[in-house]
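The sequence lines fix the lettering, A, B, ..., with proteins before strands; numbering per chain opens at 1. Scope of the values below: all heavy atoms of this structure, side chains included, with no hydrogens, waters or symmetry mates.
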There are 2 protein chains.
Amino acid sequence: MSAVSRDSGKPRYLQIADDLAQQIRAKVLAPGEQVPSEADLMDRYAVSQGTVRKAMTELRATGLIETHHGKGSYVKNRPPVRRKSSDRFRRSHRLAGKAAYLAEAEQAGSTASVRVLYVGPVDAPEEIAERLAVPAGAKVLARRRLYFSDGIPTEEAISYLPWDVAKDIPELFEENPGGGGIYARLEEHGHQLKELAETVRVRLATKQETVALSLSPGSPIIHLTRNAESEAGRVVEVCDTIMAADQFVLDYRIPAGD
Amino acid sequence: MSAVSRDSGKPRYLQIADDLAQQIRAKVLAPGEQVPSEADLMDRYAVSQGTVRKAMTELRATGLIETHHGKGSYVKNRPPVRRKSSDRFRRSHRLAGKAAYLAEAEQAGSTASVRVLYVGPVDAPEEIAERLAVPAGAKVLARRRLYFSDGIPTEEAISYLPWDVAKDIPELFEENPGGGGIYARLEEHGHQLKELAETVRVRLATKQETVALSLSPGSPIIHLTRNAESEAGRVVEVCDTIMAADQFVLDYRIPAGD
DNA sequence: GACCTAAACTCCTCTACATGAGTAACGCTA
DNA sequence: TAGCGTTACTCATGTAGAGGAGTTTAGGTC
């Protein structure tokens with residue numbers, strides 16, 4: 001019997017949440033529907049609905065379940081963690097014609113896909129303009145895309161390129177910029193890359209982001225910004241990426257020398 | 001009057017949360033105590049305590065307020081963001097005798113301090129042993145410390161070093177390992193560092209972590225793991241760091257070449 | 001002044017109930 | 001068969017009230 005009533009000093013709703021969490025981790029409750037309804041749990045644990053709901057809220061916050069109004073609560077089958085290694089920017093990868101994202105996905109044994117949301121000119125927002133060292137509001141090429149892993153959206157990215165850099169590279173206006181991606185095209189057109197500067201920020205998802213990446217409200221997201229600097233010392237591309245934090249691990253290698 | 005009762009299709013508790021959120025953003029409620037008590041809000045919005053609590057839970061989840069049992073809810077004054085740059089591992093910094101953490105804090109114009117929680121031998125946990133390439137349970141040197149910024153804890157780090165590496169370096173057993181930190185001492189003793197491999201993970205804080213870093217439950221944290229590899233190809237130190245996610249920005253520079 | 005206690009505040013947990021609203025399945029009707 | 005409504009489930013929101021547990025303060029005692 002699920003005797004959760006032992007007065008262990010712990011609130012009942014946490015005891016229930018822990019009990020269910022353990023069942024989920026032990027696969028007693030398999031990914032899929034499983035989770036008993038609120039009414040069921042009220043009976044089972046002999047508590048009121050409010051208490052059950054608090055337990056469920058707890059599980060939802062920790063990302064173990066997702067609940068749908070009118071249907072029930074379901075054990076989340078977490079998408080596999082995806083590694084993002086700084087190695088993905090090696091020139092040799094570009095020359096080999098690999099698209100960073102798809103190659104990584106392949107390695108992880110999952111099917112990846114990309115949906116291009118927009119490719120075309122936009123007026124540079126202030127922050128982007130600053131990073132690109134162009135006047136605020138200047139025309140730049142924006143490439144906005146949404147990445148899927150096994151059908152679920154995991155990552156949204158927007159790249160911006162100065163117009164004078166992009167205008168001579170027709171592939172950049174295509175949905176698919178070709179093997180090796182944007183960076184390969186840039187290098188083919190005389191913009192040898194020197195360094196990529198990435199900045200990692202973490203915050204809770206906004207309403208829009210929860211929708212775009214189909215997250216639960218309150219989920220943390222990783223906001224990755226990247227500036228690509230050419231050998232000429234110019235920032236020839238910047239990229240903003242939003243990822244569900246629980247689905248990614250970032251790897252960086254830092255030389256220890258001077 | 002705070003007429004929140006308009007039936008805009010939106011739940012009352014969200015209307016109240018939005019109302020308060022707006023007041024916070026407009027600085028009507030300044031960082032500090034401000035937020036009226038639940039009883040006050042019950043009167044003001046003419047709703048029951050449950051509804052007020054839900055609104056407060058919402059604000060807490062979005063990180064706008066923090067509430068303390070028996071005292072009240074306070075508008076959060078976000079601590080200044082601290083940058084963690086991969087540059088902090090430059091050998092020249094080490095030779096200059098800078099302690100990475102304190103130097104960075106100084107630059108940011110805040111007062112930093114460190115509390116050493118433990119220095120001494122421990123049996124290597126499985127994951128640590130694997131990263132250090134020593135047998136599981138082997139004796140290793142652990143250095144556990146808590147970093148403060150302007151008096152509030154921001155970061156907890158544990159370093160592990162293989163015993164045979166550490167045993168000959170007496171400074172590593174001191175609370176303060178001296179200028180340039182652990183890495184400077186390692187290099188002085190023949191362990192030239194080649195590369196640092198950092199991996200970034202994000203997740204919600206556990207109960208213990210919320211206590212250690214005095215966070216609100218549900219706050220995201222950054223879990224940074226680092227392996228320090230010597231020129232000899234050996235991992236001579238590993239470090240696990242837990243940081244409050246909203247207080248840090250991580251910077252990395254990645255060479256674009258091969 | 002130093003200490004202790006009691007009261008008055010705060011938020012926290014839980015109960016019990018009522019109502020609303022989304023979903024799915026069944027069976028009836030056209 | 002195709003479409004429609006009923007019904008029976010699900011979770012979501014809200015009320016009213018009780019008692020518990022931390023925190024602060026005021027007042028009293030030593």
Any carboxylate oxygen within less than 4.0 angstrom of a Lys/Arg side-chain nitrogen, looking at [X] and [Y]?
X: A:Arg131; Y: A:Glu126; value: no
X: B:Glu156; Y: B:Arg144; value: yes
X: B:Glu198; Y: B:Arg88; value: yes

Whole angstroms only, please: what is the [atom1]-[atom2] distance between [X] and [N]?
X: A:Gln15; N: C:dT13; atom1: CD; atom2: C1'; value: 12 Å
X: A:Glu38; N: C:dA21; atom1: CD; atom2: P; value: 17 Å
X: A:Met42; N: D:dC9; atom1: CE; atom2: C1'; value: 15 Å
X: B:Met56; N: D:dG14; atom1: CE; atom2: P; value: 16 Å
X: A:Leu14; N: D:dA21; atom1: CG; atom2: P; value: 16 Å
X: B:Asp43; N: D:dT15; atom1: CG; atom2: P; value: 13 Å
X: A:His68; N: C:dG22; atom1: NE2; atom2: P; value: 15 Å
X: B:Leu41; N: C:dT10; atom1: CG; atom2: C1'; value: 13 Å

Please pick, from [options], the nucleotide with the shortest atom-to-atom distance to any side-chain atom of [X].
X: B:His69; options: D:dG20, D:dT10, D:dT15; result: D:dG20
X: B:Thr51; options: C:dA24, D:dT15, D:dC11; result: D:dT15
X: B:Thr67; options: C:dC11, C:dC14, D:dT15; result: C:dC11
X: B:Gln49; options: D:dA18, D:dA16, D:dC11; result: D:dA18
X: B:Lys71; options: C:dT13, C:dC11, D:dT24; result: D:dT24

Regarding B:Glu237 and B:Ser159, is there a side-chain donor-to-acceptor distance under 3.5 Å anywhere?
yes

Distance only, no hydrogens: is a donor on one side chain within 3.5 Å (strictly under) of an acceptor on the other, for B:Tyr160 and B:Asp240?
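No, no side-chain donor-acceptor contact under 3.5 Å.
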
Between D:dG14 and B:Tyr13, is there an OP1 or OP2 to side-chain N/O distance shorter than 4.0 Å?
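The answer is no; no side-chain N or O of B:Tyr13 sits under 4.0 Å from OP1 or OP2.
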
Looking at D:dT10, I'd like to know if its phosphate oxygens (OP1 or OP2) sit under 4.0 Å from a side-chain N or O belonging to A:Ser37.
yes

Nearest-nucleotide 5' precedence on DNA chain C, A:Gly50 against B:Pro36:
B:Pro36

